[in-house]
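Below, all heavy atoms of this structure are taken into account, side chains as well, without hydrogens, waters or symmetry copies. Below, chains carry the letters A, B, ... as their sequence lines are ordered, and counting in each starts from 1.
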There are 2 protein chains.
Amino acid sequence: MVKYHQYMVGAEQALDRVLELAVLMNDDMTRTLAKDGLTVSRAHLLWVLRQRGPCTQSVLAEQLGVSARNVTGLVDGLVATGFVTREPHPTDRRATHVSFTERGATTTAVMESDHRELAHTLFADMATGELDHFTRSLGDVLARLRTRLEAEDE
Amino acid sequence: MVKYHQYMVGAEQALDRVLELAVLMNDDMTRTLAKDGLTVSRAHLLWVLRQRGPCTQSVLAEQLGVSARNVTGLVDGLVATGFVTREPHPTDRRATHVSFTERGATTTAVMESDHRELAHTLFADMATGELDHFTRSLGDVLARLRTRLEAEDE
DNA sequence: TATTGTTATACTCTATAACTATA
DNA sequence: TATAGTTATAGAGTATAACAATA
């Protein structure tokens, strides 16, 4: 009985730390991006654009998991602030072709190196074995969370 | 050189998993709370109210780290959906006294047990030693993130 | 003079539904 | 008939600034 209780306390502490980490990561991203005139959602779109290359809004909507209407708004904002351009699609006249501006490409490249630098900041002092354990445990937790989310999908 | 590179790959993988975990935790909370007619922000307010007991909006604003205006909106929503009440403050006639309704108290209690159940789901299969390692590593990462955020505060 | 909360205003993210142009 | 994107509409979270009531 005592053992079980102790165990639960440990699990709750782990969950609390995971939740705090989620909040702090979000705060950090929000602040860092704001310095570049970006939001988390818009940066996410830039991220997809970098991986996919120039593409249509419907591709962006699918990759981001948001509505077409939402992508219209995000692209509006990114065009207004000079990160991307909207041009006619070469072959499909219904669609728009979203591409980086010079500024968008540069900023996204900086974001990527900042991302690597953050990884270094957070995990540099961790011994290799410890990091491996941590990453594996994270993978297990992720797997359980995904299972839970799928189960809720019904 | 190779070792350093390998190391960085490990750190980046860890960061990517941390970020994915943050996203999935948020999705899970959003969906679970929606079933009760709540949002993450409103649930956060209820959480503070449970810890603090009935209190003024200014206390809630400070605890949540948001503006007074924002708290007005959150409490408006929670009053409209029947989770809390706004009453005159016993001693300070400028302030309002925010308290749980029956429904609010019950729902928050359920949230708390769901929280424990989630901890169990995510960490039940983890060996005690592994969980300890994981929690300690999380603590280290949190400490570094906090340091980083404070440094940015200038 | 300082504090509490609201009104006024504005921006962002998000969604569904109706509609236009095109495939 | 189906798809791509926009307009229309709506709700939620967030902020600052001006203001009223009270301390």
Side-chain angles (χ1 to χ4, degrees), chain A residues 22-23 26-27 29-31 33-49 52 54-81 83-99, chain B residues 22-23 26-27 29-31 33-49 52 54-81 83-99:
Chain A
V23 170
N26 193 61
D27 287 355
M29 285 190 291
T30 302
R31 283 208 237 173
L33 291 168
K35 289 175 189 163
D36 287 326
L38 283 170
T39 63
V40 171
S41 295
R42 290 179 190 177
H44 194 179
L45 190 152
L46 295 183
W47 196 256
V48 170
L49 199 59
R52 280 295 172 120
C55 61
T56 64
Q57 294 188 186
S58 61
V59 168
L60 295 172
E62 198 211 334
Q63 288 294 304
L64 295 170
V66 300
S67 67
R69 178 61 186 91
N70 195 359
V71 171
T72 296
L74 294 174
V75 173
D76 282 351
L78 287 166
V79 168
T81 49
F83 290 96
V84 304
T85 59
R86 250 196 200 108
E87 284 169 63
H89 191 277
T91 60
D92 187 339
R93 278 165 44 195
R94 293 170 304 181
T96 57
H97 204 59
V98 180
S99 314
Chain B
V23 170
N26 192 60
D27 287 354
M29 284 191 292
T30 302
R31 282 209 237 171
L33 291 168
K35 289 176 189 163
D36 287 325
L38 283 170
T39 63
V40 172
S41 296
R42 290 178 189 178
H44 193 179
L45 191 152
L46 295 183
W47 196 256
V48 170
L49 199 58
R52 280 295 172 119
C55 61
T56 65
Q57 293 187 187
S58 63
V59 168
L60 295 172
E62 198 213 334
Q63 289 294 305
L64 294 171
V66 299
S67 67
R69 178 61 186 90
N70 196 358
V71 171
T72 298
L74 294 174
V75 173
D76 282 351
L78 287 166
V79 168
T81 47
F83 290 96
V84 304
T85 59
R86 249 195 201 108
E87 285 170 59
H89 191 277
T91 62
D92 187 339
R93 277 165 43 195
R94 294 171 303 181
T96 58
H97 204 60
V98 180
S99 314

Among the nucleotides dG5(D), dT14(D), dT16(D), which one has an atom lying closest to any side-chain atom of Ser67(B)? dT16(D)
How many Å lie between CZ on Arg69(A) and C1' on dA8(D), as a whole number? 9 Å
Just to be sure I understand the rule, does Val71(A) reach a base, reach only the sugar-phosphate, or reach nothing, if contact means heavy atoms closer than 4.0 Å? nothing
The answer to which of Thr91(B) and His97(A) contacts DNA chain D further toward the 5' end, by nearest nucleotide, is His97(A)
Between Asp36(A) (side chain) and Leu38(A) (backbone), is there a donor-acceptor pair under 3.5 Å? no
Which comes earlier along DNA chain C counting from the 5' end, the contact point of Leu74(A) or that of Asp92(B), where each point is its nearest nucleotide? Asp92(B)
Whole angstrom value for the distance that separates P of dT6(D) from CG of Asp76(A): 7 Å
At less than 4.0 Å, is any side-chain N or O atom of Ser58(A) found next to OP1 or OP2 of dA4(D)? Yes or no. yes
Give a yes/no on whether any side-chain N or O of Asn70(B) is located under 4.0 angstrom from OP1 or OP2 of dA15(D). yes
With a 4.0 Å cut-off (strictly under) to non-hydrogen atoms of chain A, the first and last hit nts on DNA chain C, 5' to 3', are dT12(C) to dA23(C)
Compare side-chain N and O positions of Thr39(B) against OP1 and OP2 of dA12(D) and report whether any pair is under 4.0 Å apart. no
Atom-to-atom span, CG of Leu38(B) to C1' of dG11(D) - whole angstrom: 15 Å
Pairwise distance CD(Glu62(A)) to CG(Leu64(A)) - rounded to 0.5 angstrom: 10.0 Å
Over how many whole Å does the gap from Leu33(A) atom CG to dT14(D) atom C1' extend? 17 Å
Heavy-atom distance under 4.5 Å between the side chains of Leu49(B) and Cys55(B), does that happen here? yes
One pair to check against side-chain contact (heavy atoms from CB on, under 4.5 Å): Val84(B) and Arg86(B). What are the steps and the verdict? CA-CA 7 Å; Val84(B) 304; Arg86(B) 249 195 201 108; over 6 Å; no
Between Arg42(A) and Arg93(A), just flag the one whose closest nucleotide in DNA chain C comes earlier from the 5' side. Arg42(A)
Run the numbers on Asp92(B) and His97(B) for side-chain contact (heavy atoms from CB on, under 4.5 Å), then give the verdict. CA-CA 10 Å; Asp92(B) 187 339; His97(B) 204 60; over 6 Å; no
With distance as the sole criterion, do the side chain of Arg94(A) and the base of dT3(D) form a donor-acceptor contact below 3.5 Å? yes
Phosphate OP1/OP2 of dG5(D) contacted by Arg86(A) side-chain N/O (<4.0 Å): no
Separation of dA4(D) atom C1' from Glu87(A) atom CD, nearest Å, is 17 Å
Atom CG of Asn26(B) to atom P of dA12(D): distance rounded to whole Å? 17 Å
Would you mind telling me which of Asp76(A), Thr96(A), Val98(A), Leu60(A) makes a side chain to side chain contact (heavy atoms under 4.5 Å, CB included) with Val71(A)? Leu60(A)
What one should report as the nearest heavy-atom pair of Ser41(B) and Leu74(B) is CB-CD2, 3.9 Å
Just call it for Thr72(B): base, sugar-phosphate, or nothing, with non-hydrogen atoms closer than 4.0 Å on any strand. base
